[in-house]
Amino acid sequence: MVQPSPNRSAVPGPAAPAPLNEPGTPGRTTISSLVVQKVASRAAREVAGVHELGSGSSRAFGALRERIPGAGTTSTSGVSVEVGEKQAAIDLDLVVGYGVSITDVARAVRHTVISAVEAITALEVIEVNIAVNDVHLPGEPAGGPGPARVG
């Protein structure tokens, strides 16, 4: 079972969703970690100020993977999750746009991701850890700055 981190900041969440596996119900429902990754990725990308998800290396790998025919286009780069029977913990790597308040973006991402994952999956999100790995500057190509030049 996923346990909360002592570093979890207090984020008010939505009302508790209906339980995933109600007592007395025949059968059982499980939620794949890929499902939680996709929901969290989509929710995080909807927040104003988030330029993209992933660290530099994962974004480069994702760009390479997109060029491979049949590799699929759903990106969960920058999102890792732990999913238990009733709970989920989510880690996000973000690139934010220059000039936005990183703390405001992180707060909005955390709230949006928790709301979306809990509403769609009925799992309790016990933490959303956010690492801001880069700032996208105006005019900078997607994927960050190019190689350094020595003149």
Side-chain angles (χ1 to χ4, degrees), residues 1-98 100-136 140-144:
M1 179 176 252
V2 178
Q3 296 296 321
S5 163
N7 298 332
R8 180 179 184 194
S9 57
V11 177
L20 189 60
N21 292 300
E22 296 181 31
T25 303
R28 183 177 156 171
T29 303
T30 59
I31 306 292
S32 165
S33 59
L34 181 59
V35 170
V36 176
Q37 280 182 305
K38 286 182 178 185
V39 171
S41 176
R42 176 80 182 248
R45 291 173 196 278
E46 291 176 354
V47 174
V50 173
H51 179 71
E52 58 187 322
L53 273 63
S55 63
S57 59
S58 69
R59 291 192 318 264
F61 181 71
L64 181 63
R65 188 179 56 231
E66 287 176 5
R67 295 180 185 176
I68 300 171
T73 57
T74 302
S75 175
T76 55
S77 171
V79 182
S80 60
V81 301
E82 274 186 64
V83 178
E85 285 187 34
K86 299 177 183 178
Q87 298 175 323
I90 302 167
D91 295 328
L92 300 169
D93 292 324
L94 301 180
V95 177
V96 298
Y98 177 78
V100 300
S101 166
I102 293 173
T103 55
D104 289 347
V105 170
R107 186 178 303 114
V109 166
R110 191 170 281 114
H111 176 74
T112 302
V113 167
I114 289 171
S115 296
V117 170
E118 288 185 349
I120 292 172
T121 67
L123 293 168
E124 175 191 11
V125 177
I126 58 167
E127 67 182 8
V128 175
N129 299 306
I130 297 172
V132 178
N133 293 315
D134 200 357
V135 173
H136 182 263
E140 185 176 71

J.: State, yes or no, whether a side-chain contact exists between Arg28 and Glu85 at a heavy-atom distance under 4.5 Å.
T.: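 Result yes, sub-4.5 Å side-chain heavy-atom pair found.
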J.: Output yes when a side-chain donor or acceptor of His111 lies under 3.5 Å from a complementary backbone atom of Ser115, and no otherwise.
T.: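 No.
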J.: Using modelled atom types and a 3.5 Å cut-off, is there a donor and acceptor pairing between side-chain atoms of Gln37 and backbone atoms of Val79?
T.: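 Indeed, once roles are kept as given, a pair shorter than 3.5 Å links the two residues.
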J.: Could you point out which residue of Ile120, Leu123, Val39 forms a side-chain contact (heavy atoms from CB on, under 4.5 Å) with Ile31?
T.: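 Exactly one candidate clears the test, Leu123.
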J.: For Thr25, check side chain to side chain donor-acceptor pair (under 3.5 Å) against everything at least two apart and list the hits.
T.: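 Listed in chain order: nothing, the list is empty.
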J.: About how many Å separate OG of Ser33 and NZ of Lys38, when rounded to the nearest 0.5 Å?
T.: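 Reported value, rounded in 0.5 Å steps: 11.0 Å.
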J.: Going from NE2 on His51 to CG on Asp134, what distance comes out if it is rounded to the nearest 0.5 angstrom?
T.: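 Here the interatomic distance stands at 8.5 Å.
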J.: Ala44: what forms a side chain to side chain contact (heavy atoms under 4.5 Å, CB included) with it, not counting sequence neighbours?
T.: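 For Ala44 the side chain to side chain contact (heavy atoms under 4.5 Å, CB included) partners, ignoring immediate neighbours, are Leu53, Leu92, Val109, Val113.
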J.: In Å, rounded to the nearest 0.5 Å, how long is the span from CD1 of Ile90 to CG of Asn129?
T.: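 Reported value, rounded in 0.5 Å steps: 9.5 Å.
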J.: Using every non-hydrogen atom in the two residues, find where Gln87 and Ile126 come nearest and quote the distance to one decimal.
T.: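 Taking Gln87 first and Ile126 second, the nearest heavy atoms are NE2-CG2, 3.5 Å.
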J.: Of the non-hydrogen atoms in Val117 and Val36, which two are nearest, and what is the gap between them?
T.: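 Heavy-atom minimum between the residues: CG1-CG1, 4.1 Å.
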J.: Test of understanding: with side chain to side chain contact (heavy atoms under 4.5 Å, CB included), list the residues that count as partners of Thr112, not counting sequence neighbours.
T.: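 Ala43, Val47.
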J.: Looking only at atom types and distance, does a side-chain atom of Glu118 sit under 3.5 Å from a main-chain N or O of Val125, one as donor and one as acceptor?
T.: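 Checked: pair present.
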J.: In chain order, what residues pass the side chain to side chain contact (heavy atoms under 4.5 Å, CB included) check against Ile102, with sequence neighbours excluded?
T.: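 Partners of Ile102 by the side chain to side chain contact (heavy atoms under 4.5 Å, CB included) criterion, ordered by chain and then number, come out as Val96, Val132.
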J.: If you round to the nearest 0.5 Å, how far is CD of Glu52 from CG of Asp93?
T.: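 Going from the CG atom of Asp93 to the CD atom of Glu52 covers 11.5 Å.
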J.: Considering residues at least two apart in sequence or located in another chain, which fulfil the salt bridge (charged side-chain N to carboxylate O under 4.0 Å, His left out) criterion with Asp104?
T.: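 With sequence neighbours excluded, Asp104 shows a salt bridge (charged side-chain N to carboxylate O under 4.0 Å, His left out) to Arg107, given in chain and number order.
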